[in-house]
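Below is one structure; the comments refer to it alone.
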2 protein chains.
Amino acid sequence: MKMPLIVQKFGGTSVGSIERIHSVAEKIIEAKNDGNQVVVVVSAMSGETNRLVDLANQIDCVPNARELDVLLTAGEQVSMALLAMTLHKLGYEATSMTGYQAKIHTDSNHNNAAITHIDTTPIEALLEQGQIVIVAGFQGVNHKGDITTLGRGGSDTSAVALAGALDAQECQIYTDVDGVYSCDPRVVKDSKRLPQLDFPSMEEMARCGAKVLHLPCVQFAWKHQVPLRVLSSFEKGEGTLISGEECLNDISGIAIQKDMVLIECALEELSSLISQAQLLGIEVCSVIEETERAAVVIKRDASTKLKLVFAEKIRNSEQVSLLTVVGSRTQDIVVSSHGLLSEGEVDVQHHLLQQQSLTLVVSPDQVDTAANILHKAYIVARETQGYLKKEVHFG
Amino acid sequence: MKMPLIVQKFGGTSVGSIERIHSVAEKIIEAKNDGNQVVVVVSAMSGETNRLVDLANQIDCVPNARELDVLLTAGEQVSMALLAMTLHKLGYEATSMTGYQAKIHTDSNHNNAAITHIDTTPIEALLEQGQIVIVAGFQGVNHKGDITTLGRGGSDTSAVALAGALDAQECQIYTDVDGVYSCDPRVVKDSKRLPQLDFPSMEEMARCGAKVLHLPCVQFAWKHQVPLRVLSSFEKGEGTLISGEECLNDISGIAIQKDMVLIECALEELSSLISQAQLLGIEVCSVIEETERAAVVIKRDASTKLKLVFAEKIRNSEQVSLLTVVGSRTQDIVVSSHGLLSEGEVDVQHHLLQQQSLTLVVSPDQVDTAANILHKAYIVARETQGYLKKEVHFG
């Protein structure tokens, strides 16, 4: 019988010190002793990537892309070696592998490369010897043998891609929170850890501001049907298991995007504004079309560039925040959410209803209040009173 | 006509900061603009290797050898990328290469690997495109694709091996001194930079304590007839050119080895002591055989181990220093050096005459005085008075 295989991914804070690397080693050993083959993906020690980027920026504000990848990948090389040493010290055979050695092939899009395929032969050979295999996250190699990186957060993608290629039972993403929450706990204090979540809901939450998982990681896992589990590096617990095609919860959670800008233009200019944003590589987070006016919402960081290029056609621009309620029944809460927020003196500037999400545009100083009102009504109350069902009944 | 090729090697202090990397880039550009193809070998930024070793030692005092190599090689990956970025910023095409990418093949002796061969195809392809090629020093790859290191100081060896494989016109070793000196300038203030030096003298000086070049680097260059030039990274100048088979100077220089230990034993135990040292991997710097007593001189660091193993057979051990006068006529100064040192109240415990060196064993508190006496007599005086020739005449 084939031994089950687990991929574990540890982020920068999880390997941020020798002590923490030791804790990580213990989690790996636990999985190994439970009878699993274990492949570990590590990020650079926290702070290291920023330190290296700072060095590069002292040379050039836009450093040569190929060389930036060479520079940044040194970060994971350090953490993976330290982790392998720790496992050896604790009596376990472990081998670290760079992106090149693990044959993680990517395209040549330096600083933001996409994984094209993984030849799992070298990893599988080591696993068969009983080794724990530690792979550098975030990095790969292109067809010329040049080092590439997957862009920030790419270690999650590395882990999921490896889990898919190795047909792993589960891809465990260890992080500094103990799972996916119904809302951002810094904003909504009674946010709850979700024991389970489906892929469509997780995708929508990641797209709309939940930072616990990067969107491409969720999309890859969904596409390849790799069950994902988000766990804490520092505490015990079951975390959140993300799997399954169907959105089973009426309301799964609420995602928040602060620091956004709404840019208004004439309705007939909207398509031109959207294509301009695409040309500049700016993600349009929300599009609003009404009878007389139109608007897009984009991240504030990107807004200066777009405003410069589109200058005279912009009617108005203002800072906003977005709240996105995710679930299978969001169409049923449009009216009530407007009502609840109005009662709470929150002004909803626009709303956008999609298949399993309702996005509300509010002013930045009201977003926390709004999140708490909706969380209380649709997540806390649902558990205690079946609130949503009632509305549907009357709706 | 083939363009001349120069290999330039920059050590850790030369690339120790972004500013210094900028100075290094200017030296490279100068060589490039002079019509040379340029291959650059870099060490890790000064302090970086020690920082990484410290991290490893927090985990294990003897870290796993394979993983230590993975860890340490991250150091050059950083410096080579920063240097390539700087060259790009200054308008020059440059490509960095890890030991693996540059196909520097080594044996599998982790932490102290030997280069077996270099496939120069990828470097030559880049040179033909007009690129400056920057290669990580100190590192290579074994037949399994594992990362290896050549041991401390291995960047010099990388540079010389590359210069040999690429049939370079010259291998320039940039360092924090502006050439090879007739003695250690910290000990003998009127030490002079030697504009030229032959391989046999340089080998003897490197073997006997001159730190400017590592012994394996000199030996490799000699064997492959690669002219070596030692230059300062911080000042302009011609440095020291090392080439040629023949020892042309009567006296080339004086090397100093402090922190040594002399271990005495019975004459009949000497060969056993030497083979014991070899078994322990301890270099025997000097062997003294007299009618009734015998002794070896080894580095103090290594002495505890040897003393433990050889314990009861040791008659005496004491801290000593070695002075080695190097040149083609050292046989002519045995008598006079004893005389001069005796006049200066330096007690010479032993001496050892070899083909082109005379090694004197003195007590650690007299080594500086002794070095100054001999340097004045044989190097300063030779220039001004032809001192040595006179002695030869009377000798």
Side-chain angles (χ1 to χ4, degrees), chain A residues 17-19 21-22 25 44-45 48 51-52 54-90 92-98 100-103 122 125-126 134 136 139 141 144-147, chain B residues 17-19 21-22 25 44-45 48 51-52 54-90 92-98 100-103 122 125-126 134 136 139 141 144-147:
Chain A
S17 67
I18 298 297
E19 267 182 14
I21 288 173
H22 199 278
M45 295 171 84
E48 184 62 6
R51 183 182 77 89
L52 294 172
D54 283 351
L55 283 173
N57 285 340
Q58 284 177 48
I59 294 167
D60 199 337
C61 54
V62 186
N64 178 271
R66 179 193 184 277
E67 299 302 332
L68 185 59
D69 281 351
V70 173
L71 180 74
L72 296 184
T73 50
E76 295 86 42
Q77 198 167 315
V78 169
S79 55
M80 76 185 196
L82 294 175
L83 179 55
M85 283 175 195
T86 306
L87 287 164
H88 276 275
K89 177 73 179 173
L90 295 172
Y92 287 77
E93 289 291 313
T95 300
S96 71
M97 302 182 102
T98 62
Y100 184 93
Q101 291 173 325
K103 295 192 187 288
L126 290 167
I134 299 166
Q139 59 181 252
V141 63
K144 292 193 288 184
D146 291 334
I147 296 168
Chain B
S17 67
I18 297 297
E19 268 182 14
I21 288 173
H22 200 277
M45 296 171 85
E48 184 62 6
R51 183 182 78 88
L52 294 172
D54 283 351
L55 283 173
N57 285 340
Q58 284 177 46
I59 293 166
D60 198 338
C61 53
V62 186
N64 179 270
R66 180 194 183 276
E67 299 301 332
L68 185 59
D69 281 350
V70 173
L71 180 74
L72 296 184
T73 51
E76 294 88 41
Q77 197 166 317
V78 168
S79 54
M80 75 184 196
L82 294 174
L83 180 55
M85 282 175 196
T86 306
L87 288 164
H88 277 275
K89 176 72 178 171
L90 296 171
Y92 288 77
E93 289 290 312
T95 300
S96 72
M97 303 181 101
T98 61
Y100 184 93
Q101 291 173 323
K103 294 190 187 290
L126 290 167
I134 300 167
Q139 57 180 254
V141 62
K144 291 193 288 182
D146 290 334
I147 296 168

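In what follows, chains carry the letters A, B, and so on, assigned in the order in which the sequence lines appear, proteins first and then strands, with residues in each chain numbered from 1. Computed from a predicted structure; not experimentally measured.
- Ranked by heavy-atom pairs under 4.5 Å with chain B, the first of A:Asp146, A:Ile134, A:Asp69, A:Val70 is A:Val70.
- Chain B forms more heavy-atom pairs under 4.5 Å with one residue of A:Ser96, A:Ala84, A:Pro63 than with any other, namely A:Ser96.
- Nearest approach of B:Ala56 to A:Met85, heavy atoms of both residues: CB-SD, 3.7 Å.
- Of the inter-residue distances, the one linking B:Leu71 atom CG with A:Leu83 atom CG reads 12.0 Å to the nearest 0.5 angstrom.
- For A:Gln58, the parts sitting under 4.5 Å from any heavy atom of chain B are the backbone and the side chain alike.
- Rounded to the nearest 0.5 Å, atoms CD1 (B:Ile59) and NE2 (A:His88) are 11.5 Å apart.
- Heavy atoms of A:Ile147 lying under 4.5 Å from chain B belong to its backbone as well as its side chain.
- Residues A:Thr98 and B:Thr98 have side chains not in contact (no heavy-atom distance under 4.5 Å, counting atoms from C-beta outward).
- Using a 4.5 Å cut-off between heavy atoms, A:Leu68 contacts chain B through both its backbone and its side chain.
- Distance CZ/B:Arg66 to OG1/A:Thr95: 5.0 Å, rounded to 0.5 Å.
- Between the CD atom in B:Glu93 and the CG atom in A:Asn64 there is a gap of 8.0 Å [rounded to 0.5 Å].
- Within the 4.5 angstrom heavy-atom criterion, no atom of A:Ser17 approaches chain B.
- B:Glu67 contributes no side-chain N or O that, together with a main-chain N or O of A:Leu82, makes up a donor-acceptor pair within less than 3.5 Å.
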